[in-house]
Amino acid sequence: MNCAHFDRLLGYPIPYGGNPGWGTNKSMPERYEPATFEPKWRQKWKEVDLFRTREDASRPKFYGLDFFPYPSGAGLSVGHCKNYVPTDVICRMKYMQGYNVLHPMGFDAFGLPAENEAIKRKRHPWPMIQEYGETYHRQMDLIGISYDWSRSFFSSEPSYYRWTQWLFKKLYEKDLAFRANAEVNWCPKDKTALANEEVVGGLCERCGTPVEKRAIPQWFFRITSYAQRLLDDLDDLNWPEGIKAMQRNWIGRSEGVEFEMRISGPGLGNGDHRVDLDSDSHAPNLTFRVFTTRIDTIFGMTFCVLAPEHPVVKTLLKHAPSDSAQAMEAYRAQAAALSDISRQAEGREKTGVFTGYHAINPATGKPVPIYLADYVLMGYGTGAIMAVPGGDQRDFDFATRYGIEIIPVGAPAIDRVEEVEALKAQGKAFESKDGVLINSGEYTGKSVSEAQQQLGEWIEALGIGERKVNYKLRDWLISRQRYWGCPIPVTYDKDGHQDPVPDDLLPVMLPDVENYEPTEDGRSPLAAIPDFVNTTGPDGTLARRETDTMGGFACSSWYFLRFCDPHNEESAWDKARADYWMPVDCYVGGAEHAVMHLLYARFWTKVFYDLGLVSVKEPFARLENQGQVLAMTPYRKPREGETLDVGDEGILISFAEAKEIPEEDLLWRWARMSKSKGNVVTPEEAVDQYGADALRVYELFVAPFDAEVQWSNEGMQGATRFLSRVFKLVSDNQARWKPGWKHSIESVSDPDALKIRRCTHQLILKVTQDVEKFAFNTAISSMMIFLNSVTDLLKSTDGSGELDIALSEALETVVLVLSPFAPFSADEIWTEMLGRTGFTYQSEWPQGDPELAKEDSVTIAVQVNGKLRGTFETSAGSTQSDLEASAKELGGVQAQLDGKTIRKVIVIPDKLVNIVAN
RNA sequence: GCCGGGGUGGCGGAAUGGUAGACGCGGCGGUCUCAAACACCGUUGAGCUCAAACUCAUGUGGGUUCGAGUCCCACCCCCGGCACCA
């Protein structure tokens with residue numbers, strides 16, 4: 001168990017920490033003493049505005065960006081730092097390499113989290129969120145993140161949301177923003193509609209409340225028009241596979257056939273002419289459409305299913321005899337009463353009701369019964385299916401329950417029909433696409449793909465349908481019935497006709513009001529503010545404002561463009577400036593935004609591309625997801641009568657409580673740092689105890705960037721020890737330091753000096769390459785190796801002039817490559833110990849020379865039959881025959897070869913000799 | 001169920017098909033100290049009761065190869081996402 005952490009949080013004395021008072025010899029610090037210099041550098045960087053963006057046309061650019069954070073009232077934890085520090089390292093290195101670096105930060109201030117917090121605190125959201133943003137800013141400065149704060153903004157500032165509204169209008173003009181009356185997900189706790197992406201398993205993504213369905217007019221963005229492009233362009237993105245897969249899955253493209261089914265039965269066609277002429281269907285030809293990805297199974301269609309909400313059901317109800325109409329009504333009521341979560345509950349028995357009507361299977365010409373069943377969803381495809389129990393497990397389950405005929409239509413091969421019968425006996429359908437058709441008329445014996453092709457053509461020739469691509473993706477619901485968001489810039493005239501607000505009247509200001517609590521009735525609180533609602537339209541007549549606001553994801557769909565040109569008052573951004581900086585070269589944030597922000601931002605960027613506002617089709621060329629930071633968290637075993645939720649191992653308790661209860665009842669678990677778990681370590685605490693550079697180095701070193709980190713005080717001490725060793729190396733060798741080493745470095749020929757140079761250049765090459773790859777842990781490891789090697793070398797060598805020159809190069813280099821990781825320490829050593837002026841940030845990143853980095857002596861592994869039997873040292877570049885000869889001389893090797901005949905010798909130069917013998 | 005990522009010492013983790021376990025944490029032994037802490041030095045996969053030598057070791061079982069943590073096939077387990085999507 002992690003006792004040190006436990007003790008600290010309980011307020012016990014800690015073994016090592018708190019501004020130590022030792023070693024006050026300022027000019028020659030022999031260890032990392034952050035309190036003595038970190039505040040000074042923080043101050044100096046600020047004074048000279050060190051991180052101001054450079055836009056120098058002769059240089060290449062690098063745009064490094066972190067996800068747009070909502071500044072929460074709890075402030076940052078060391079967990080958040082794991083996001084910001086790596087981006088900072090790559091940005092700092094790029095700057096030192098001569099790039100113009102754009103590394104901005106701002107705040108996602110509009111939206112539900114801010115508003116809910118404000119309501120809870122009984123404060124107005126605007127001053128509150130500014131305060132929270134300032135806390136974030138201070139904490140980010142504390143850990144030395146190199147943001148250009150002159151470009152910062154809050155998305156709730158009128159100078160920003162004016163352009164959010166302008167961009168909304170651009171979408172509106174292209175018919176990509178529209179208002180529709182739709183059944184939407186309504187969160188009764190947040191009292192607003194939510195986008196599909198914000199509903200997880202039937203629950204509100206933010207507060208976990210089960211969502212309800214409500215029919216309210218809502219604003220949508222037509223993201224479905226871009227479904228194919230959003231899918232196709234994923235291929236070229238340098239993003240984690242998992243995120244790309246989630247987006248592909250969310251877009252949910254499927255290819256199939258959509259066709260028409262004709263209904264027959266009471267009151268409809270087929271010789272029965274008791275049609276109600278007043279109904280909306282005097283419908284001898286009443287039809288519905290079905291979508292299928294398995295048109296090859298059509299011969300096995302033995303029934304059809306309509307979603308209970310399917311519009312054709314209304315018509316059927318009018319014509320059906322009263323008993324079946326009653327059954328249908330009852331089923332529809334039951335389905336409507338079910339929440340999404342219970343309707344989708346796992347392992348739920350399929351239910352349904354026979355409508356009394358039939359449809360004609362176009363392949364067989366036979367009538368099949370039509371059922372209503374809630375396992376068919378109105379929101380996907382046509383809300384109706386052809387059901388093939390022989391080829392689909394769900395249809396199979398339903399058919400079994402309702403005694404419907406099951407015809408097998410697929411088999412592994414035409415002569416293996418009995419295997420399908422065996423499956424059927426087990427209650428399973430043959431769903432595989434690796435097989436051939438059976439019981440399918442003239443298509444029997446054909447492969448699935450062949451039959452799909454030909455049956456698709458047949459349906460089209462018949463004129464009852466066509467091949468079609470379907471997407472799971474739905475339009476993006478953007479309106480929120482809440483106060484704290486960007487007003488939608490639309491007015492309605494007395495006839496309800498929509499008019500976008502003219503550009504010169506933007507922004508539509510969010511009114512400053514005392515009371516903005518959400519309402520129950522599905523209307524925004526803005527609707528109750530007459531001064532806001534009553535306005536005039538573009539023609540000067542009285543008009544009413546739209547009172548819904550935009551969800552926060554609208555604001556965060558273009559902020560990366562505003563950062564390119566944040567103070568522009570004439571336009572959202574200047575195209576030339578956006579063209580210069582875009583795309584974001586490296587975008588860093590958590591994986592939880594996979595199908596929300598990251599999809600929306602891609603969509604808007606594509607729209608802007610089509611409008612000629614930007615020249616990139618994709619906003620984020622490379623994406624990296626950081627791992628989380630976990631902390632040891634106390635739980636206890638459940639007591640009698642207490643039950644645990646599924647997946648829970650114990651009951652969360654406070655650290656204070658953990659001190660009280662007997663140890664055998666305690667359970668320590670790693671859990672994500674969060675305020676509610678009481679296990680948060682703040683950057684202030686970490687910096688106070690260990691220092692900002694130690695925190696940075698620890699989080700970068702302890703695990704790969706994308707892996708979880710288990711917070712440990714021992715690990716922080718390791719980081720401190722490493723930094724101290726850098727100080728010590730420079731301090732121990734200060735007498736040998738030659739500031740002018742560059743003038744004579746090229747003429748160094750002493751073998752020991754060249755060994756030091758080798759270490760130095762191996763270090764440069766490795767760190768440069770690893771930062772590029774986001775392999776910060778191995779980059780720091782290579783610095784540790786460097787320290788170990790140079791320390792050893794210095795022990796075994798005598799001083800010489802050339803050695804001092806090489807050592808000076810080594811010292812200066814290690815400080816420079818350390819700079820992006822531990823910038824405070826680097827600047828301290830740079831000026832106080834090496835006597836340099838300026839900042840390491842403004843110094844040139846060292847160039848690694850692969851020739852100098854090359855080893856001159858190598859260890860050759862000698863194998864006999866693939867097993868290691870010895871090694872020997874030799875100079876690099878030895879000939880194959882020399883290597884072979886030396887290998888055979890090794891004692892251990894000879895013993896293994898005794899009595900055997902050598903069949904073959906494999907020699908890999910500078911690596912290994914493998915002798916094959918038997 | 002489907003998709004994605006994984007499984008390597010006591011722990012976090014390294015390893016372009018070529019000496020598995022870099023680097024660190026922890027442990028053990030030592031130096032320093034009155035003592036401790038800090039720091040430093042040495043040692044640390046397992047087995048064979050020292051060592052050498054040898055054997056075994058990267059979730060399991062097969063395969064390709066002179067040689068496999070790495071490539072191929074099958075399976076097991078863990079994490080993340082989606083989930084009645086027709």
Side-chain angles (χ1 to χ4, degrees), chain A residues 15-16 20 22-23 30-31 200-201 240-250 252-254 256 258 290-294 297 305 307 343-348 350 373-377 379-388 391-395 397-398 431 470-473 591-592 594-595 625 698 701-704 706-710 712-722 724-725 728 775 777-788 791 859-871 891-892 895 903-908 910-917:
Chain A
Y16 169 67
W22 52 55
E30 292 193 351
R31 64 198 316 165
V200 179
E241 267 320 306
I243 301 287
K244 292 208 267 186
M246 278 187 242
Q247 292 213 348
R248 288 193 187 103
N249 183 31
W250 190 260
R253 182 194 152 100
S254 55
E258 191 179 303
V290 295
F291 174 74
T292 180
T293 56
R294 293 298 303 273
T297 63
V305 183
R343 183 163 161 176
Q344 289 167 17
E346 204 173 339
R348 186 172 158 254
K350 293 196 171 29
D374 65 7
Y375 80 94
V376 170
L377 310 171
Y380 183 75
T382 59
I385 61 162
M386 64 171 222
V388 183
D392 184 283
Q393 193 58 47
R394 297 155 302 182
D395 298 343
D397 296 343
F398 189 85
E431 290 185 310
N470 220 321
Y471 300 92
K472 278 200 272 182
L473 183 69
E592 67 276 9
V595 293
N625 296 129
Y698 167 71
F701 175 68
V702 70
D706 56 357
E708 280 180 348
V709 164
Q710 300 174 341
S712 98
N713 284 9
E714 290 76 17
M716 287 291 284
Q717 285 180 41
T720 299
R721 206 171 295 147
F722 161 68
S724 285
R725 292 191 62 203
K728 188 163 190 308
N777 55 335
T778 50
I780 290 175
S781 156
S782 72
M783 290 186 233
M784 291 170 170
I785 292 169
F786 170 88
L787 288 178
N788 292 342
T791 309
T859 307
I860 305 294
V862 183
Q863 299 180 334
V864 177
N865 293 331
K867 286 202 174 177
L868 185 72
R869 297 298 173 185
T871 60
R903 302 292 174 189
K904 196 174 174 184
V905 179
I906 287 135
V907 181
I908 309 292
D910 292 347
K911 288 264 181 194
L912 147 154
V913 177
N914 186 11
I915 301 168
V916 185

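A note on names: the letters A, B, ... follow the listed sequences, proteins ahead of strands, and every chain is numbered from 1.
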Which is true for [X] with a 4.0 Å heavy-atom rule: it touches a base, it touches only sugar-phosphate, or it touches nothing?
X	result
A:Lys244	nothing
A:Gln863	base
A:Asn788	sugar-phosphate
A:Asp706	nothing
A:Ser724	nothing
A:Thr871	base
A:Gly718	sugar-phosphate
A:Ile785	sugar-phosphate

**Asked** Do any side-chain nitrogens or oxygens of A:Arg721 fall under 4.0 Å of OP1 or OP2 in B:A39?
**Response** yes
**Request:** Could you tell me whether the phosphate oxygens of B:A39, OP1 or OP2, come under 4.0 Å of any side-chain nitrogen or oxygen in A:Arg725?
**Result:** no
**Message:** Would you say that A:Asn625 contacts A:Ile243 through its side chain, given a criterion of any heavy-atom pair below 4.5 Å between the two side chains?
**Reply:** yes
Go ahead and name the base partner of [N]; Watson-Crick or wobble counts if both distances stay under 3.5 Å, otherwise write none.
N	answer
B:U31	B:A39
B:C56	B:G45
B:G1	B:C82
B:G9	none

Identify which nucleotide among [options] has an atom closest to any side-chain atom of [X], counting heavy atoms from C-beta outward.
X	options	value
A:Lys867	B:G18, B:A86, B:C56	B:C56
A:Glu714	B:G12, B:C82, B:G26	B:G26
A:Val916	B:G18, B:A14, B:C66	B:C66
A:Thr778	B:U19, B:A15, B:G26	B:A15
A:Arg869	B:A39, B:U55, B:A86	B:U55
A:Phe701	B:C23, B:A14, B:C25	B:C23
A:Pro704	B:A14, B:G81, B:C54	B:A14
A:Thr293	B:C82, B:A86, B:A39	B:A86
A:Lys911	B:A86, B:G26, B:U16	B:U16
A:Glu241	B:G4, B:C84, B:C23	B:G4

**Message:** I want to check a possible cation-pi pair here: A:Lys350 against A:Phe398, using under 6.0 Å from ring centre and within 45° of the ring axis as the test.
**Reply:** no
**Request:** Using the six-membered ring wherever Trp is involved, compare the ring planes of A:Tyr380 and A:Phe291 and label them parallel, tilted or perpendicular (cut-offs 30° and 60°).
**Result:** perpendicular
**Message:** Quick check against the 3.5 Å criterion: does A:Thr778 have a side-chain atom that pairs as donor or acceptor with the backbone of A:Ser781?
**Reply:** no
**Complete:** Assign each of A:Val376 and A:Lys728 the nucleotide of RNA chain B bearing its closest heavy atom; nearer the 5' end lies the nucleotide of A:Lys728
**Request:** Apply side chain to side chain contact (heavy atoms under 4.5 Å, CB included) to the pair A:Glu431 and A:Asp392, showing each step before the final yes or no.
**Result:** CA-CA 6 Å; A:Glu431 290 185 310; A:Asp392 184 283; 4.2 Å; yes
**Interatomic distance, A:Gln710 CD vs B:G10 P [rounded to whole Å]** = 16 Å
**Complete:** Rounded to whole Å, CZ of A:Arg253 lies from C1' of B:C2 at a distance of 19 Å
**Request:** Run the numbers on A:Gln717 and A:Asn713 for side chain to side chain donor-acceptor pair (under 3.5 Å), then give the verdict.
**Result:** CA-CA 6 Å; A:Gln717 285 180 41; A:Asn713 284 9; over 6 Å; no
**Fill in**
Relative to its sugar, using the 90° cut-off around 0, the base of B:G9 is syn
**Asked** Under 3.5 Å, is there an N or O donor on one side and an acceptor on the other linking the side chain of A:Asn914 and the base of B:C66?
**Response** yes
